[in-house]
Amino acid sequence: MPDPTPRHIAIVMDGNGRWARKRFMPRGVGHKAGVDALVKVVQAAADRGVGFLTVFAFSSENWKRPEEEVSGLMSLLLVALSKHLVRLKADGVRIRIVGDLDQVSDKVRSALLDAQSATVGNSRLVLTVAFNYGGRWDIVQACRQAMAAGLAPEQLTEAELSRFMAMAYAPDPDLFIRTGGEVRLSNFLLWQSAYAELMFTDCLWPDFDAAELDRAIAEFGRRERRFGDVGSSGEGEGAIGAGEDASPQPPHCED
Ligand code: IPE
Ligand code: IPE
Ligand code: MG
């Protein structure tokens, strides 16, 4: 029986805006509540022995949002780091940043890189914050690095290219969660999630908590990962679709 705890969980933290609008509040209030949810989920993931947690904080496409929302998100990031970094550091969390930091302001870039260096000695949980990140950007930057390293076309294998991907330090995500009800990847970890178990929940990100994480981990434990092989239910006739455990779980999230 494989360990049911995923080693690496990736999360598209979606639904902050709708969470706030439902309460007749500005979208920024939802982003703020989203930070609080993240801090709790990081603790919960560390307590459950998850080694790597990767969260989509700002996508390469989020610049399309109104200027006011973008600048609000940048300020919130600075506030969140100054408020929570000390605690995260004390709790053994190592922060890593992935994304195109050339395009962000000096202030935001330094705050992100400072958080990364301040926690470099930690190893209990690696929290990767994807900021101005896009899966396609990642593949292109990896190809560029490989070319700059002088790799000949015939030397470029999947394993070789993986070495240049932004998250080369981590195993591929086992579990990919998207909150907020949309059923799409939105350009997150396209290369790395080739064999991740995908989970979509209607729960809006600010409502996501330790109990939701436990539900996701429990569902992950019910999935049979076959990686292209036939798996344990692959023998004999009628094995396709076998297993009543695969039925979707009803949403439990508060409305
Ligand atoms: C996700 O929540 C947070 C970011 C993209 C920064 P949204 O802001 O996308 O919330 P919804 O999807 O509009 O509710
Ligand atoms: C994905 O959410 C990006 C983050 C959570 C940071 P979006 O809300 O930007 O995705 P779309 O626009 O619905 O695809
Ligand atoms: Mg959204």
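In what follows, residues are counted from 1 in the order of the sequence shown. Order of listing sets the numbers, starting from 1, for every ligand and every atom in it.
Remark: ligand 1 and R18 share an N or O pair separated by less than 3.5 Å (distance only, no angle test). For the pair S59 and ligand 2, the shortest N or O to N or O distance does not fall below 3.5 Å. Backbone and side-chain nitrogen or oxygen atoms of R184 are examined, and one is located within less than 3.5 angstrom of a nitrogen or oxygen of ligand 2.
When non-hydrogen atoms are compared, ligand 2 lies under 4.0 Å from the side chain of R65 (C-beta onward) but not from its backbone. Counting heavy atoms under 4.0 Å from ligand 2, residue A57 touches it through the backbone alone. For K64, no heavy-atom contact with ligand 2 is shorter than 4.0 Å. Here F188 has no heavy atoms under 4.0 Å from ligand 2, in either its backbone or its side chain.
Under a 3.5 Å cut-off, the side chain of R124 and the backbone N or O of V93 do not form any donor-acceptor pair.
Each of H8, R7, R225 was scored for a side-chain hydrogen bond (donor to acceptor under 3.5 Å, both in side chains) with D174, with one residue passing: R225.
For atom 1 (C) of ligand 2, the nearest protein heavy atom (residue, atom name, distance) is V12 CG1, 3.8 Å. Here the heavy atom of the protein found nearest to atom 9 (O) of ligand 2 is N62 ND2, 2.9 Å. Among protein heavy atoms, the minimum distance from atom 6 (C) of ligand 2 is reached at F56 O, 3.3 Å. Closest protein heavy atom to atom 10 (O) of ligand 1: G17 N, 2.9 Å. Residue, atom and distance of the protein heavy atom nearest to atom 14 (O) of ligand 2 are S186 OG, 2.6 Å.
More than 12 heavy atoms of other residues, nucleotides or ligands sit less than 6.0 Å from atom CD of E160. Annotation: E158, atom CD; neighbour count of heavy atoms from other residues, nucleotides and ligands within 6.0 Å does not exceed 12. Under a cut-off of 6.0 angstrom, the local environment of CZ in F24 is sparse, with at most 12 non-hydrogen atoms contributed by other residues, nucleotides or ligands.
If you number the atoms of ligand 1 from 1 as listed, the ones under 4.0 Å from a heavy atom of D14 come out as 1 (C), 2 (O), 7 (P), 9 (O), 10 (O), 11 (P), 12 (O). Atoms of ligand 2 found under 4.0 Å from any heavy atom of F58 (numbered from 1 in listed order, with element): 6 (C). Taking a cut-off of under 4.0 Å to the non-hydrogen atoms of M13, the atoms of ligand 1 that pass are 1 (C), 2 (O), 3 (C).
Counting only N and O atoms by type, the side chains of Q192 and D138 include a donor and acceptor under 3.5 Å apart.
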>> Let's go through T179 and D202 carefully: what are the C-alpha distance in whole Å and the side-chain angles of both, what is the deciding distance for side-chain contact (heavy atoms from CB on, under 4.5 Å) to 0.1 Å, and is it a yes or a no?
In response: CA-CA 6 Å; T179 63; D202 288 336; over 6 Å; no

>> Test side-chain contact (heavy atoms from CB on, under 4.5 Å) on Y195 and D172; report intermediate values, then the result.
In response: CA-CA 8 Å; Y195 260 107; D172 283 345; over 6 Å; no

> Can you check side-chain contact (heavy atoms from CB on, under 4.5 Å) on E61 and S186, steps first, answer last?
Replying inline: CA-CA 9 Å; E61 287 73 39; S186 297; over 6 Å; no

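For the ligand labelled ligand 1, residue H31 lies inside the 4.0 Å heavy-atom shell. Ligand 1 has at least one atom lying under 4.0 Å from a heavy atom of R27. Taking a 4.0 Å cut-off on heavy atoms, G180 fails to register as neighbouring ligand 1.
Around the Mg ion (ligand 3), the protein N, O or S atoms closer than 2.8 Å are D14 OD1, listed by chain and residue number.
Considering every non-hydrogen atom in both V104 and R109, the closest pair reads O-NH2, 3.0 Å. Shortest non-hydrogen contact noted between A80 and V35 is CB-CG1, 3.7 Å.
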